[in-house]
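Values below: all heavy atoms of this structure, side chains included; hydrogens, waters and symmetry mates excluded. Below, read A as the first sequence line, B as the second, and so on, with proteins coming before strands; counting in each chain starts at 1.
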There are 2 protein chains.
Amino acid sequence: MGATKTIHFTAEQNTLATLSKAIGHPARVAIIEYLLKVNTCICSDIVEELPLAQPTISQHLKELKNAGLIKGNVEGNAICYCIEEAGIEKLKNYFADLANTLAIQKNQCC
Amino acid sequence: MGATKTIHFTAEQNTLATLSKAIGHPARVAIIEYLLKVNTCICSDIVEELPLAQPTISQHLKELKNAGLIKGNVEGNAICYCIEEAGIEKLKNYFADLANTLAIQKNQCC
DNA sequence: TAGTTATATTGCAATATTACAATAAACTTT
DNA sequence: AAAGTTTATTGTAATATTGCAATATAACTA
């Protein structure tokens, strides 16, 4: 055993889990925040910015890309990464709905 | 190596990563959604609901509790679990702010 | 073309996560 | 008290993640 039993859950549940998991690491939070800060999308000065080795950051970028939270365009010999709005939007909406439903129910428990 | 280098990141980044990581598993998404659905907070009929063994679910509940996404009250020999609004609220706000900043910047890249 | 720059891949070690059977702990009911 | 119910813990196996050095790949520059 040891592998997540994705088959048993809905596509929506798996999608949200994948997105959340992708942000579930401080380095990846830092990458997203850096991309947001520099606005104009920057390649890997991120390596300069974070206390991690280049291969490690490359790996984190790959995970964020796979999850649909960032996208990358080749630009000369560099790669221009930036935030993929759709992914952030999904997370925003999910938690907004969740919080909203909770508020309506007035959390009448415990 | 292999352990996350939490020390190098801000408390906010680590907090968000912890919260996100906690939802980063479909079973835990399913648990949150079940707790939301039944409203009145239910103990572990969750075991009946999910295709996972009782110890596995107990473990997932523990992680959600540690992350601050659910809370549990002892009620006789059972435990009444329910959603911890504060945790959901943090996630909601974070992603709302993120999406908002993105919208303002018009995502002018790539 | 040789050198430089930017990024990805590979291989590996350390650690964490996921899942479950078996068992324990704590309370309820009979 | 004995039996049942509910949840947590322990131990263990399988798998995944994190991180990096070394190396590869690709494009640009001189």
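Expressed to the nearest 0.5 Å, how far SG of B:Cys82 lies from CG of B:Leu69 amounts to 12.0 Å. A:Lys37 NZ to A:Leu35 CG: the interatomic distance, rounded to the nearest 0.5 Å, is 10.5 Å. Of the inter-residue distances, the one linking A:Asn93 atom CG with A:Asn100 atom CG reads 11.5 Å to the nearest 0.5 angstrom.
Under the 3.5 Å distance criterion, the side-chain polar atoms of A:Thr56 are left unmatched by any main-chain donor or acceptor of A:Leu52. No donor-acceptor distance shorter than 3.5 angstrom exists from the side chain of B:Glu49 to the backbone of B:Tyr34, with no hydrogens or angles considered.
Shown for residues 21-32 of chain A: residues whose heavy atoms fall under 4.0 angstrom of DNA chain D, namely A:Lys21, A:His25, A:Arg28. Within residues 8-15 of chain A, no residue is approached by DNA chain C to less than 4.0 Å at the level of any non-hydrogen atom.
Here A:Val47 pairs with A:Ser44, A:Gln54, A:Ile57 under the side-chain contact (heavy atoms from CB on, under 4.5 Å) rule; sequence neighbours left out. Residues satisfying the side-chain contact (heavy atoms from CB on, under 4.5 Å) test with A:Lys62, not counting sequence neighbours, are A:Asn66. Considering only residues two or more places apart in sequence or on other chains, B:Lys92 meets the side chain to side chain donor-acceptor pair (under 3.5 Å) condition with B:Glu89.
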What N/O pairs connect the protein and nucleotides 3-11 of chain C at under 3.5 Å? Give each pair on its own line.
unit_1	atom_1	unit_2	atom_2	d
C:dT5	O2	A:Asn77	ND2	3.2
C:dT7	OP1	A:Ser44	N	3.3
C:dT7	OP1	A:Ile79	N	3.0
C:dT7	OP1	A:Ile79	O	3.2
C:dT7	OP2	A:Ser44	N	3.2
C:dA8	OP1	A:Tyr81	OH	2.6
C:dA8	OP2	A:Ser58	OG	3.0
C:dA8	N7	A:Gln54	NE2	2.7
C:dA8	N6	A:Gln54	OE1	2.9

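One atom, CD of A:Glu75, and another, P of D:dC28, lie 11 Å apart when rounded to the nearest Å. Put simply, CD1 on B:Ile46 is 13 Å from P on D:dT6, counting in whole angstrom units. Between B:Asn73 atom CG and C:dA26 atom C1' there is a gap of 16 Å when expressed in whole angstrom units.
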Do any side-chain atoms of residues 9-32 of chain A form donor-acceptor pairs under 3.5 angstrom with protein atoms, and if so which ones, sequence neighbours left out?
unit_1	atom_1	unit_2	atom_2	d
A:Thr10	OG1	A:Gln13	N	3.0
A:Thr10	OG1	A:Gln13	OE1	3.4
A:Gln13	OE1	A:Thr10	N	3.1
A:Gln13	NE2	B:Glu33	OE1	2.9
A:Asn14	ND2	A:Thr6	O	3.0
A:Asn14	ND2	A:Phe9	O	3.4
A:Asn14	ND2	A:Thr10	O	3.2
A:Thr15	OG1	A:Ala11	O	2.8
A:Thr18	OG1	A:Asn14	O	2.8
A:Ser20	OG	A:Leu16	O	2.9
A:His25	ND1	A:Ala27	N	3.0
A:His25	NE2	B:Thr4	OG1	3.3
A:Arg28	NE	A:Ala22	O	2.5
A:Arg28	NH1	A:His60	ND1	2.9
A:Arg28	NH1	A:Glu63	OE1	3.1
A:Arg28	NH2	A:Lys21	O	3.4

Fill in: Pair B:Leu61-B:Ile46, side-chain contact (heavy atoms from CB on, under 4.5 Å): steps then yes or no
CA-CA 10 Å; B:Leu61 287 168; B:Ile46 304 176; 4.2 Å; yes

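Within the nucleic acid shown, B:Leu52 comes within 4.0 Å of sugar-phosphate atoms alone, with no base atom in reach, counting heavy atoms only.
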